[in-house]
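Presented below is the structure to which this report refers.
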Amino acid sequence: MSGGHSEYNPSNGFTKWLDARLPLPRFVYDSFIAYPVPRNLNGWYTFGAILAIMLIVQIITGVVLAMHYVASTAGAFNSVEFIMRDVNYGWLMRRLHANGASMFFFAVYIHIFRGMYYGSYKNPREVLWILGVLIFLLMMATAFMGYVLPWGQMSFWGATVITGFFSAIPLVGTTIQEWLLGGFAVGNPTLNRFFSLHYLLPFMIVGVVALHVWALHVTGQTNPTGVEVKNMKKETVPFTPYATIKDFLGLSLFFIVFAWFVFYLPDYMGHPDNYIRANSLKTPAHIVPEWYFLPFYAILRAITFNISIPFTDIVLINSKLGGVLAMVGSIAILFVLPWLDTSKVRSASYRPLYKQFFWVFVVVSVLLGWLGSKPADGGYVIAAQILTAYYFAHFLIILPWLGWYEKPKQVPPSIADAVLKKKSTAAQPAE
Amino acid sequence: MKPIFSKLTGLCVVVFLAMGVSGAFAAEEGETPHYPIKKPREASWSFAGPFGKWDLGQLQRGYKVYTEVCSACHSIDLIAFRNLSGLGYSEAQVKAIAAEYEVTDGPDEDGEMFERTAVPSDRIPGPFANDEAAKASNGGALPPDFSLLAKARGVERGFPLFVFDVFTMYAENGPDYINSLLTGYQEAPTHIEISEGTYYNPYYVAGPSLAMAPPLDDGSVTYDDGAPETLDQYSKDVSAFMMWAAEPFLVTRKSMGFKVMIYLLIFSLLLYLTKKKIFAGIKD
Ligand code: HEM
């Protein structure tokens, strides 16, 4: 849908001059003003723009925090409190940044589920999808390291637990772990490199986001019907004002939720233990990650058994490594999703069975998150094992099987047909 | 499509059964009892809700309870005397309060440390030179610093309360916990064994008993504003003071939040109307 042709007309001497040398205004015009979007996009499609703005919010508040933050085990906790108490509007910056991270993940999960519902990952948008999964991974790394910076009890113990997983890698595990930590345990070198990387990674995210948007502008957006645009004139509208106003509205509503947490419930998403200075001699009763990691944490802890060669005592994969592999696998599997879903129909609106399985998958993911917050004992583990098995079955069994088993509904011949039909049925009862 | 739908419903039933069974298991296996034994009682706080305000009289009384009782064991490291103006004290009052304390300063030109009268920019000095000294005087238990304690304690609310909390803006977990703890000391039930030098308290998060003896009782502190001199009142006042110490900008935050909300609501409405107008212009 990029079209290759451009409708930009430099209007004055300067823009003409610049256009012949660095056509930046043309680029902006073609990408954010004239860029054609399907006319039938719904509200779920505004989350991409919301994510872009949230990334900018994180970077701006983060850069301000970094001006006052002290990356040392002796100074970190107090410097964050200094920001909260003595820096002008420091409390606001920090609340925006910490809650912003949560909102960022909230938005990215909706964005990902939107993609799954409308089959956005399918041909020809595989690369676009893979870049998205890459952004998600970078976000996870960034948020994990950011959470270590305030140097509270959860910061310290979360870092200890998570970096501990690297020691599960056979042979080289401990070496890798010590290399990451810069020592034998989480300490000053760890905090310093985490700060350095926490500052770096968001800018790498910006880079991947640029590629993501580029890929998007090559293939064009999907739309709720899943049918590609056939008639540019009838089925698309220019980005500005149509998509811009919708994105602004989505953003504004999203900010109401964001502000609700920042101003009224700023500690709701956090853990009280992180207001206790890190203490390597005192382990908290429950070490839990931030809420957005909980489903993966549940998968990690679900693997409580060794995998051995049948009828022998030879352990192939011990439970610790198994857990790490399952957790890594649960994200890695998203990379190959475009090839696991064998259905030719894109949108769940025309896939009656997939639509149900999609919602079951959403519920399973939420339940896994709930289990991740529970202690790993007794029945919770059994439930987590069942749901973990289902999580993988969704991708490895259900999606490939649905592709040939399911009889999709009649897909409309074009977006224009779908829109007009909807309009006429909506208009009738009102008459 | 019908049969599959029921299969899916079946699957959901299985999943939920599994969750139910797992819950039952978890409860049964709970040989280690869960703490706290009792959930905190919810009190009403002037600073709760979207329009929460400090009750300055209460904060000053709470500060009095802190200095006269708790400060014998608990420090409040992050608070400087100048911060006390947030409790409604004038500059002169803050100076006078600071002048009652001696702090160590130096080194002077001879390389010696010396004592001097505190000034408003000094932090409120704690009762002990270091954690080890604090433990030594408290039977090995460390009395935690008060600066952040009201945010560092929060008993898990559990489903479905934690969902409702988002809408009711319940964020007083800390003061509710402290208030419940201070007023919750009881005779230990006979079936619960308490280690020596500790006191049974069903509200304590980390066990059946803690190393702090009940610090307050009716009449322990004299109030000069006519507020009741009861355990309940002391406890509420000092809990509110601790919330202030942990989050001095709480009221500023909420009142700014209100303006932001109004702004965003109006802005969203205008955007919505604009969007409607723009989209009405699309021709089929
Ligand atoms: C992808 C975007 C980002 C995410 C998801 C993110 C996430 C986080 C998280 C979860 C925390 C811990 C918050 C807390 O509990 O206090 C944090 C802290 C911090 N972040 Fe970021 N961050 C991002 C970008 C940045 C950037 C670009 C900078 C600096 C240039 C930055 C600087 C800091 C600093 C200094 C802290 C420690 C202060 C504090 O804990 O509030 N962040 N970040």
Side-chain angles (χ1 to χ4, degrees), chain A residues 39 78 81 84-85 91-92 95 152-153 234 237 241-242 245-246 248-249 251-253 255-256 259-268 271-277 285 352-353 356-357 360 363-364 367 370-371 373-375 377-384 386-387 390 407 416 419-420 423, chain B residues 1 4-5 8 11-12 14-15 18-30 35 49-50 78 83 144 147-149 151-154 156 159 162 165-166 169-171 173-174 205-206 246-249 252-254 256-258 260-261 264-265 267-268 271-272 274-275 278-279 282 284:
Chain A
R39 56 180 281 186
N78 276 358
E81 276 311 310
M84 292 289 280
R85 291 161 191 270
W91 60 268
L92 181 60
R95 266 28 174 118
Q153 274 286 69
K234 266 172 94 176
V237 287
Y242 296 98
I245 187 71
K246 228 179 208 176
F248 263 110
L249 178 58
L251 199 63
S252 188
L253 295 174
F255 272 19
I256 291 179
W260 187 277
F261 283 101
V262 166
F263 293 106
Y264 300 126
L265 294 165
D267 288 315
Y268 183 84
H271 197 291
D273 278 11
N274 230 26
Y275 282 112
I276 304 171
R277 201 182 301 264
L353 288 184
Q356 295 169 33
F357 280 108
V360 173
V363 171
V364 165
L367 286 178
W370 176 69
L371 287 170
S373 73
K374 292 282 156 195
D377 48 32
Y380 290 133
V381 174
I382 301 171
I386 297 173
L387 295 183
Y390 184 87
K407 266 239 277 312
V419 173
L420 294 181
K423 271 200 176 165
Chain B
M1 292 304 137
I4 285 278
F5 192 84
L8 280 183
L11 179 84
C12 292
V14 170
V15 167
M19 315 293 289
V21 172
S22 71
F25 262 113
E28 220 170 279
E29 282 194 15
Y35 297 113
L78 295 175
N83 298 130
S147 319
L148 284 164
L149 203 55
K151 289 197 293 191
R153 294 288 185 278
E156 224 185 281
F159 183 80
F162 83 88
D165 288 348
V166 174
M169 293 186 188
Y170 177 74
N173 321 53
V205 264
E247 183 83 2
F249 285 101
T252 322
R253 186 185 83 216
K254 288 186 174 181
M256 185 192 285
F258 184 66
V260 171
M261 281 294 170
L264 284 175
L265 283 171
F267 191 50
S268 299
L271 285 172
Y272 172 73
T274 316
K275 174 190 161 277
I278 288 178
F279 274 78
I282 301 189
D284 292 321

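Everything numeric in this text was worked out from a predicted model, so none of it was measured. Quick note on labels: first sequence line is chain A, next is B, and so on, each numbered from 1.
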Write down the atom of Y264(A), the atom of A171(B), and the distance for their closest heavy-atom approach. O-CB, 4.1 Å
For R277(A), which residues count as a side-chain contact (heavy atoms from CB on, under 4.5 Å) partner, sequence neighbours excluded? F77(A), N78(A)
Is M169(B) in contact with chain A via its backbone, its side chain, both, or neither, using a 4.5 Å heavy-atom distance? both
Main-chain N/O of V166(B) paired to W260(A) side chain as donor or acceptor, under 3.5 Å: yes
Which heavy atom of S252(A) sits nearest a heavy atom of S268(B), and at what distance? OG-OG, 2.7 Å
For residues R39(A) and F279(B), report the shortest heavy-atom separation together with the two atoms involved. O-CE2, 4.5 Å
Between atom CZ of F159(B) and atom OG of S373(A), what is the distance when rounded to the nearest 0.5 Å? 11.5 Å
Please classify the contact of V205(B) with chain A as side chain, backbone, both or neither, using a heavy-atom distance under 4.5 Å. neither
With a 4.5 angstrom heavy-atom cut-off, which part of L92(A) approaches chain B: side chain, backbone, both or neither? side chain
Chain A contact via N173(B) - which portion, at a heavy-atom distance below 4.5 Å: neither
Y272(B), part contacting chain A, at a heavy-atom distance under 4.5 Å: both
Do W91(A) and M256(B) come within less than 4.5 Å of each other through their side chains, counting heavy atoms only? yes
Please assess K151(B) against N274(A) for the test side-chain contact (heavy atoms from CB on, under 4.5 Å), listing each intermediate value before the final yes or no. CA-CA 9 Å; K151(B) 289 197 293 191; N274(A) 230 26; over 6 Å; no
In terms of heavy-atom contacts, A259(A) and V260(B) come closest through CB-CG1, 4.0 Å
Ignoring hydrogens, what is the shortest heavy-atom contact between D165(B) and Y268(A)? Give both atom names and the distance. CB-CE1, 4.1 Å
Drop me the distance from L148(B)'s CG to M84(A)'s CE, to the nearest 0.5 angstrom. 8.5 Å
The interface call for F258(B) against chain A, heavy-atom contacts under 4.5 Å, is both
If you compare all heavy atoms of F263(A) against all heavy atoms of K254(B), which two are closest, and at what distance to 0.1 Å? O-CG, 3.9 Å
Nearest 0.5 angstrom please: L264(B) CG to F255(A) CZ, how far? 8.0 Å
Does any heavy atom of chain A fall under 4.5 Å from the side chain of P50(B), the backbone, both, or neither of them? both
Given F248(A) and T274(B), is the side-chain contact (heavy atoms from CB on, under 4.5 Å) satisfied, shown in steps? CA-CA 11 Å; F248(A) 263 110; T274(B) 316; over 6 Å; no
Report the option among E81(A), R85(A), K246(A) that has the most heavy-atom pairs separated by less than 4.5 Å from atoms of chain B. R85(A)
Could you pull out all residues at least two apart from F267(B) that satisfy ring pair (Phe, Tyr, Trp, His ring centres under 6.0 Å)? Y263(B)
